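What follows is one structure encoded as structure tokens, with my remarks underneath.
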Amino acid sequence: MPPYQPGEIEPKWQRKWADARVAEIDVSSPGEKFYMLNMFPYPSGDLHVGHGRNYILGDALYRFFRMRGMAALNPMGWDAFGLPAENAAIKRGIHPREWTMSNIAREKVQFQRWGILYDWSKEIASCNPGYYKWNQWLFLQLYKRGLAYRGTAPVNWCPEDRTVLANEQVVDGRCERCGTIVEQKELAQWFFRITEYADRLDAGLDSLEHWPEKVKLMQRNWIGKSVGADVEFPIPSLGKSIRIFTTRPDTIFGATFMVLAPEHPDVAALIADHPQRAEIEFWIGGVRNQSALERQEAGKEGRFTGKYATNPFTKEPIPIWLGNFVLPQYGTGAIMAVPAHDQRDFEFAKQYGLPIRVVIRANDGAGPAGSTGASDLSEAFTVKDDSATIVESGLITGLTPLKAIDRIGDEVERLGIGKKTVRYRLRDWLISRQRYWGTPIPMIYCDRCGLVPVPEKDLPVELPLDVPFTGREGNPLAKDEAFLNVKCPQCGGAAKRETDTMDTFVDSSWYYARFISPRDETKIFDSALVDRWLPVDQYIGGIEHAILHLLYARFICRALHDLGLTHVEEPFTRLFNQGVITKEGYRDPTQGMSWVQLNEVAWRDGKPYRGSTELVAEVGKMSKSRFNVVPPDELIERYGADTERVYTLFIAPPEKEAAWSDEGVIGAYRFLARVWNMLEQIQASGPGPRATESSAPSFDGVVRKMHQTIDGVTRRFDRFEFNTAISSLMELSNVMGDYIGTGGRDPRLRDAYGVLLQLLHPFAPHLTEELWSMLGKDGFILTSQWPVADPALMQEESVTIVIQVNGKLRGQIEVPNPPVEAVVMAAVRANERVQSWVTGKQIVKTIYVPGKLVNMVVR
RNA sequence: GCCCUGGUGGCGGAAUGGGUAGACGCACGGGACUUAAAAUCCCGAGCCGCGCGAGCGGCGUGCCGGUUCGAGUCCGGCCCGGGGCACCA
């Protein structure tokens, strides 16, 4: 028996799996399907053990479902468009395509070294024309239906990357990628009308039982559904009315002023004859130029317009103010201010001495509304449930806020001064990018015909490869005359192509469907097959995609559904987000920092002050800048991929963040080596001479442990408890080792060992394949049937003592593993305890022995 | 501020509906093998105290209280960590 040398056996089995194409599946083959999918990666070329966790986890699951006899699909591809490729081109003079393709080649090798089985016959890369052609086709379909449109809107502009960003890509007012403060610009851009689907995207979350609550909640907050009412407030001096949106129409009798966003279209007319008009306009200009972040940091500021609106319920005139805290994009850009019951309005009212009127009181008299008057409020009273009552509010006085909301809504509609409405925080998805390395938007600008879509027969609009990368002056496509100049498909005259490319999130919004028929040149995908294979049964990826990717994918899947291309509406049945792997590392306090970290160091002239070079110790996600990356190659060379796989899954529950420990790896290696070394003893077991018959241990313990382990591991796969699944395999191997160590040589040991190998296979595929073949078993262990536990053989030989007090079940205690004659002793022991628990009461004690039932009365 | 999470040995973490807290592994201590080391195997261990010793006693799942014969687990109130959202009317 040679020593355990993963370096010898792993490449061998990787070659065998590849040669036998074991992971290739005919999508039209029969059987119960299981679509397993890891989020396809951006090929940055630097996979580390943290990434490995994600793919190893998926591979273990895939192998498990295969062994359970399912038609399992596990494809892989590349989210290959994106900014880093372009930046590499600018910095190092490599073409983005070359950079991307060489990274793909490297990562593919890495996947193989991890022993991961993907169906490479279905590989896709979003930067290939064969793929992005269908991005363009999809765009044209959406355009036809009005779901893609060009619009001018205030957009987020990153001056560093020289491109616009989606709202989702702006974090705390900064570019998600580079941390530069995002500017607001009015630009004509392409949008997808995701807001059209806001209600369905919100409602659909309820059907996603197997998604983490956390992710659903994040999406729900992002969509931001608000139910309320639009109400018209007449402006006598203007001869018109201004519409406000409120979620609290029940507080309308407390609306003592109105606030408009400085950008509101009626502002000019309102301040036209204001004596300090110039000053107000100057102030408005200042607010407009502020970024969203600066606007909030400025605190609440406002100006009185000098005009009044009429509260439609109290009929009182209320002053109209402009306020920087009212957002032009949300609702109608105008609010009724109820300072007593909205914290923001309260702060504004306090600051400018505006009237405050209490219209809700807590039923128990507590809280701010318990105060005798508005003047002693210290904060707004915002309660919206049965614990409060509306006061001094005409027709709704005495109602609870919830009932009042309904009642006022009806009244508003009856009076014809507004209606009940639902509004969403979600805004349309801005997909234009002024960048080269992406899918060209298939549109043409013709002076005579206007906007003309590229005819479908002319797709794909190919991205020209011979363009210069200077890193200056924006998108190189805009300078490429050969690309730019085109004949108008309608009139044949000279026209220009759109030079914007699509956000790469468009690429990833439907790729899961393309995997089913990846080479189809005639259509985006085969609808019948997609209907069979979608939704994805298990989707695995990082929590960082909780909003962006997953929301866009849900949107596009619904759009595809509405185009009649599939019956599926929700693309992912089960979602799992693995935690990151962290490691102790060091960082330069300024070098390579994210902007969040930069915020915490010294600033000079608006830039981080890079005076210090002292390294700071910290634990964090693996990254080059932190010098804490564990490259898989060294690890695999030393301990093997199986060790990395087992350790990675053993380290912690997979959804949790886990700290990498170089010492911990050894434990996984030792476990595998023990399983390896055990083979020799297994081979020696059997009907041959046994060690001293009388002292040989009973095999029953091994059988029991084996069946318990089969049951436990199987159930733990369903619950993603890989860490305890592996620990239970260690226990089984320990039990078998002890049995052998004490002289046990039962011939059935060989089969038990085979079962151990099967259960271990998803975690340590190479080792188990090798041992399986050395055991003389035919075929790949991968294609063997997953073992099934026999419940009868799982039973512990323990006695459970059920305690009843006066006929009522009061609890139970378990006396482990006694010989049958010890039951009496156990009863005596239990008796003592029972008496100490309940003195003076009659206790009925029932003793359960497997197959027996004993009742005892204890006093 | 709001929402979601989590808090168990030196460390990562176990504990099916309340029932021997600390499985499994790391690190640690002792022993075997070895000229020696590595590797491997065996044994030990929550913490504190007592005992030469088999052992005995006390305290233990962030804190305080409650329910229960029995609480890491259920209930109420706090404290702390991690994450998300944040003028969205």
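Model, not experiment: these values are computed from the prediction. Chain identifiers are assigned alphabetically (A, B, ...) following the order of the sequence lines, protein sequences preceding nucleic acid strands; residue numbering begins at 1 within each chain.
Within the 4.0 angstrom heavy-atom criterion, base atoms lie near A:Val326. Among the protein residues, A:Asn677 comes within range of no part of the nucleic acid, since none of its heavy atoms lies under 4.0 Å from any strand. Residue A:Asn221 is out of contact with every strand shown, counting any heavy-atom pair closer than 4.0 Å. The residue A:Pro3 sits apart from the nucleic acid: no heavy atom pair falls under 4.0 Å. Using a 4.0 Å heavy-atom cutoff across all strands shown, A:Gly712 reaches no nucleic acid atom at all.
For B:A39, neither phosphate oxygen OP1 nor OP2 lies less than 4.0 angstrom from any side-chain nitrogen or oxygen of A:Arg674. Between A:Lys656 and B:G13, a side-chain N or O to OP1/OP2 separation shorter than 4.0 Å is present. The side chain of A:Asn734 contributes an N or O atom lying less than 4.0 Å from OP1 or OP2 of B:G25. OP1 or OP2 of B:G13 has not a single side-chain nitrogen or oxygen of A:Thr724 nearer than 4.0 Å. For A:Arg670, a side-chain nitrogen or oxygen approaches OP1 or OP2 of B:U40 to under 4.0 Å.
Side-chain atoms of A:Phe650 lie closest to B:G25 of the nucleotides B:G25, B:C42, B:C4. When distances are taken from the side chain of A:Trp222 to each of B:A86, B:C4, B:A89, the shortest belongs to B:A86. Residue A:Arg425 has its side chain nearest to B:A86 when only B:A86, B:G13, B:C4 are considered. The side chain of A:Ser727 approaches B:C24 more closely than any other nucleotide in the set B:C87, B:C24, B:A89.
Salt bridge absent: A:Asp345 and A:Lys300 never bring a charged side-chain N and a carboxylate O closer than 4.0 Å. We find that A:Lys216 and A:Glu213 are joined by a salt bridge, their nearest charged nitrogen and carboxylate oxygen being less than 4.0 Å apart.
Between A:Gly737 and A:Ser661, the residue anchored closer to the 5' end of RNA chain B is A:Ser661, taking for each the nucleotide with the nearest heavy atom. Mapped onto RNA chain B by nearest heavy atom, A:Leu327 and A:Met218 fall at different nucleotides, with A:Met218 at the one closer to the 5' end.
Remark: the A:Glu301 side chain and the A:Trp283 side chain contain an N/O donor-acceptor pair separated by less than 3.5 Å.
Going from atom CD of A:Glu663 over to atom P of B:C26 covers 11 Å, rounded to whole Å. For the pair A:Glu213 CD and B:G84 P, the computed distance is 18 Å after rounding to whole Å.
Residue side chain A:Arg715 reaches the base of B:U16 through a donor-acceptor N/O pair under 3.5 Å, judged by distance alone.
Atoms CG and OG, from A:Leu759 and A:Ser733 in turn, are 12.0 Å apart once rounded to the nearest 0.5 Å.
Across B:U67 and B:C75, the matching P atoms stand 16 Å from one another, rounded to whole Å.
Within the cation-pi definition used here (under 6.0 Å to the ring centroid, within 45° of the axis), A:Arg423 qualifies as a partner of A:Phe245.
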